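Reviewing the structure listed below.
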Amino acid sequence: MARKHKDRPNRIIENVRIEKAAAEGNSLAHIDGKVLFVNYTAPGDLADVEVTRSKSGYMQGRVVELKEAGPARCQPFCSHFGLCGGCKWQHLRYQEQLLQKETQVRDHLERIGKIQLPQGMPIIGVEGVEKNPSYRNKLEFTFSTKRWLTDSEVAQGQTLTLHDREGLGFHLAGKFDKVLDLQHCYLQPEPSNEIRLFVKHTAQELGLDFYDIRNKSGYMRNIMLRNTLSGDFMVVLIIGQEPNTAFQTLMQRLMQRFSCIKSLMYAVNTKVNDSMADLDIRLFSGEPWLTMTMPAYQQGESDLKFRVGPKSFYQTNTLQAARLYRLAADFADIQPHQTVYDLYTGTGTIANYVARMANKVIGIEYVEDAVRDARVNSQINGISNTVFFAGDMAKVFSPSFVKEHGIPDVIITDPPREGMHENVTDCLLDDQLFGNKPVRLVYVSCNSATQARDLQRLESKYKVLNHRAVDMFPFTDHVESVVLLERFSL
């Protein structure tokens, strides 16, 4: 077997003209009939590119020299851009981001789903995000004993103290054990940065050691911050051992310093992974939830309130979530006498949002804690026409369930990224169950590729009437896709 020449220099391709944006922060060009993906480039850029990986069907590269900036390029606003694992489209003008997302959704639906799409409606963007990028209501950060060192720090070769090497921030893209220490993140309103830095420096002052990700040891592991539009915060600290005196002091100082913290909690995690789903979250001070407010669909109706706990799923862009749910409700066109099914209901946000329009709303969700939250959310909003069921969607949503609880007039489904289970789509196709009823189906998706697959499964019984994309996550390639379908009459 021939040896691989690890010291062989990579190929440099000069004067590459970037054609269009792609996924994962890449854009692409075509070179000798092969696709070349290039990190952090924009359509129209002209650059010399180093090929870092070459496969039979594509190449991956990085910019060696940007010779000409394309019209889609702008100046990133964050000093961490290019290292941090998030916001990979900061260098794209926002209108270009919207164009690429809209194109991505249509491409998935037409190419993967083989759907004959109507013209559709323009993507719903986030208003004013270019001037104020603080759109998120939730961020999670990781403590590390060995933060990522910048090129200049490595070049200087200076000796760093233990505290100088510690960091609190985001994982670098594709590197589970590398954490970028953040000085400022623009995505969440203040005092998010102040809280994070206060926790970091106070933990160091009190001698609470940070987590060693490779050796899987250490005290301070993770911190999660949630906020409401009114400025209330929830802070959850994840530690590797039971609380000691120093940690108790940290928590007390945190509450004294920030009056906006209305919920302060912690959990002990001795596992290898960082998942919070199976941890026992303990309340230190305040309430075990935040109350999020969302404008009602109809003017004159009281705003909706949702209690959000540390494990609750809630859209991380509060204002845009209201626009997403309004679009889903517009597509659903629910009448007062109708029964609505909300599949993958989560904490019942969509179910409760549309409940005032319907006769009855039935929500189904896998996570029992989320179902309990959904019931509470109905109660605090004075909604009495909802009912929620917990269980595996592939088993609960069945012909027998529908026969027992009533054939829906409208179905709203908002599945996870992997899309709907085949059992669910099979039930939606059941002629004996639905007969001649023209059921309207509103499919909300955070992954238009799996949405397209599901639509292809449903095409023999459902016709696409309308579709629209919604940008929930500016500066990333993620996009929500909402499609309206109606079941054919027999």
Side-chain angles (χ1 to χ4, degrees), residues 277 289 291-292 294 296-297 301 304-309 311-315 321-322 324-421 423-425 427-428 433-434 439-446 454 480 482-485:
W289 61 73
T291 301
M292 302 287 193
M294 181 176 293
Y297 181 80
E301 292 182 345
L304 291 160
K305 298 185 182 300
F306 296 101
R307 283 187 182 175
V308 178
K311 299 180 185 180
S312 299
F313 171 78
Y314 190 82
Q315 291 283 359
L324 176 68
Y325 297 155
R326 174 173 288 276
L327 174 63
D330 285 342
F331 276 5
D333 191 25
I334 300 165
Q335 303 302 310
H337 65 279
Q338 291 183 326
T339 296
V340 179
Y341 277 36
D342 181 22
L343 309 184
Y344 309 92
T345 191
T347 55
T349 46
I350 293 180
N352 284 298
Y353 186 83
V354 303
R356 293 167 178 170
M357 311 169 195
N359 177 53
K360 183 180 182 181
V361 180
I362 297 169
I364 306 174
E365 167 60 37
Y366 176 73
V367 181
E368 290 190 13
D369 284 348
V371 169
R372 282 194 286 270
D373 288 341
R375 291 169 181 154
V376 170
N377 287 329
S378 289
Q379 183 179 5
I380 64 177
N381 285 288
I383 295 171
S384 58
N385 62 333
T386 57
V387 58
F388 296 97
F389 297 89
D392 185 345
M393 184 67 64
K395 297 177 180 178
V396 175
F397 183 66
S398 64
S400 59
F401 180 91
V402 173
K403 289 176 183 177
E404 180 180 354
H405 298 283
I407 298 174
D409 302 281
V410 176
I411 298 173
I412 300 174
T413 181
D414 187 5
R417 290 192 63 80
E418 57 266 26
M420 295 192 291
H421 192 279
N423 290 2
V424 176
T425 53
C427 185
L428 293 171
L433 180 63
F434 289 100
V439 177
R440 292 171 74 85
L441 172 63
V442 180
Y443 191 147
V444 182
S445 174
C446 60
D454 292 343
E480 297 276 330
V482 186
V483 177
L484 168 64
L485 305 97

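This structure is a prediction, so every number in the text was calculated from the model and none was measured. Starting from 1, each residue takes its place in the sequence as its number.
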Value rounded to 0.5 Å, distance of OG in Ser445 from CZ in Arg417: 8.0 Å
Spatial distance of atom CG (Asp342) from atom OG1 (Thr386) [nearest 0.5 Å]: 10.5 Å
Glu301 atom CD: more than 12 heavy-atom contacts under 6.0 Å: yes
Interatomic spacing from OG in Ser384 to NZ in Lys360 - rounded to 0.5 Å: 12.0 Å
Over all atoms of both residues, closest heavy-atom pair of Phe434 and Val439: CD2-CG2, 3.6 Å
Sub-4.5 Å side-chain heavy-atom contact between Asp373 and Trp289: no
Partners meeting salt bridge (charged side-chain N to carboxylate O under 4.0 Å, His left out) with Arg326 (sequence neighbours left out): none
side-chain contact (heavy atoms from CB on, under 4.5 Å) between Glu365 and Phe388, worked out: CA-CA 8 Å; Glu365 167 60 37; Phe388 296 97; over 6 Å; no
Val367 and Lys311, any side-chain heavy atoms less than 4.5 Å apart: no
Phe306 and Thr347, any side-chain heavy atoms less than 4.5 Å apart: no
Residue pair Tyr366 / Glu368, side-chain heavy-atom distance below 4.5 Å: no
Contact summary for Gly346 and Ala374, nearest pair of heavy atoms: O-CB, 4.2 Å
Under 3.5 Å, which donor-acceptor pairs do the side chains of residues 349-359 form with other protein atoms, sequence neighbours left out?
| residue | atom | partner | partner atom | Å |
| --- | --- | --- | --- | --- |
| Thr349 | OG1 | Tyr325 | OH | 3.2 |
| Asn352 | OD1 | Ser378 | OG | 2.5 |
| Asn352 | ND2 | Gly348 | O | 2.8 |
| Arg356 | NH1 | Ser302 | O | 2.8 |
| Arg356 | NH2 | Ser302 | O | 3.4 |
| Arg356 | NH2 | Ser302 | OG | 3.2 |

Exercise: identify the closest heavy-atom pair between Arg440 and Ala332: NE-O, 3.3 Å
Main-chain N/O of Val361 paired with Asn385 side-chain donor or acceptor, under 3.5 Å: no
Straight-line distance of Lys305 NZ to Asn377 CG, nearest 0.5 Å: 11.5 Å
Reported NE2-to-CG distance for the pair His421 and Asp454, which is rounded to 0.5 angstrom: 11.0 Å
Partners meeting side chain to side chain donor-acceptor pair (under 3.5 Å) with Asn423 (sequence neighbours left out): none
Salt bridge (charged side-chain N to carboxylate O under 4.0 Å, His left out) contacts touching residues 375-397 (sequence neighbours left out): none
By salt bridge (charged side-chain N to carboxylate O under 4.0 Å, His left out) - contacts of Asp330 (at least two apart): none
Residue pair Val396 / Phe401: nearest heavy atoms and the distance that separates them: O-CB, 3.0 Å
Nearest heavy atoms of Cys427 and Leu433, plus distance in Å: SG-CD2, 3.8 Å
Atom CD of Gln335: over 12 foreign heavy atoms under 6.0 Å: yes
Residue pair Ile383 / Leu304, side-chain heavy-atom distance below 4.5 Å: yes
Compile the donor-acceptor pairs under 3.5 Å between side chains in residues 404-414 and protein atoms, sequence neighbours left out, one pair per line.
| residue | atom | partner | partner atom | Å |
| --- | --- | --- | --- | --- |
| Asp409 | OD1 | Lys437 | NZ | 3.2 |
| Asp409 | OD2 | Thr339 | N | 2.8 |

Considering all heavy atoms, the nearest Tyr344-Pro416 contact: CD2-CD, 3.7 Å
Interatomic distance, Tyr341 atom OH to Phe397 atom CZ [nearest 0.5 angstrom]: 7.0 Å
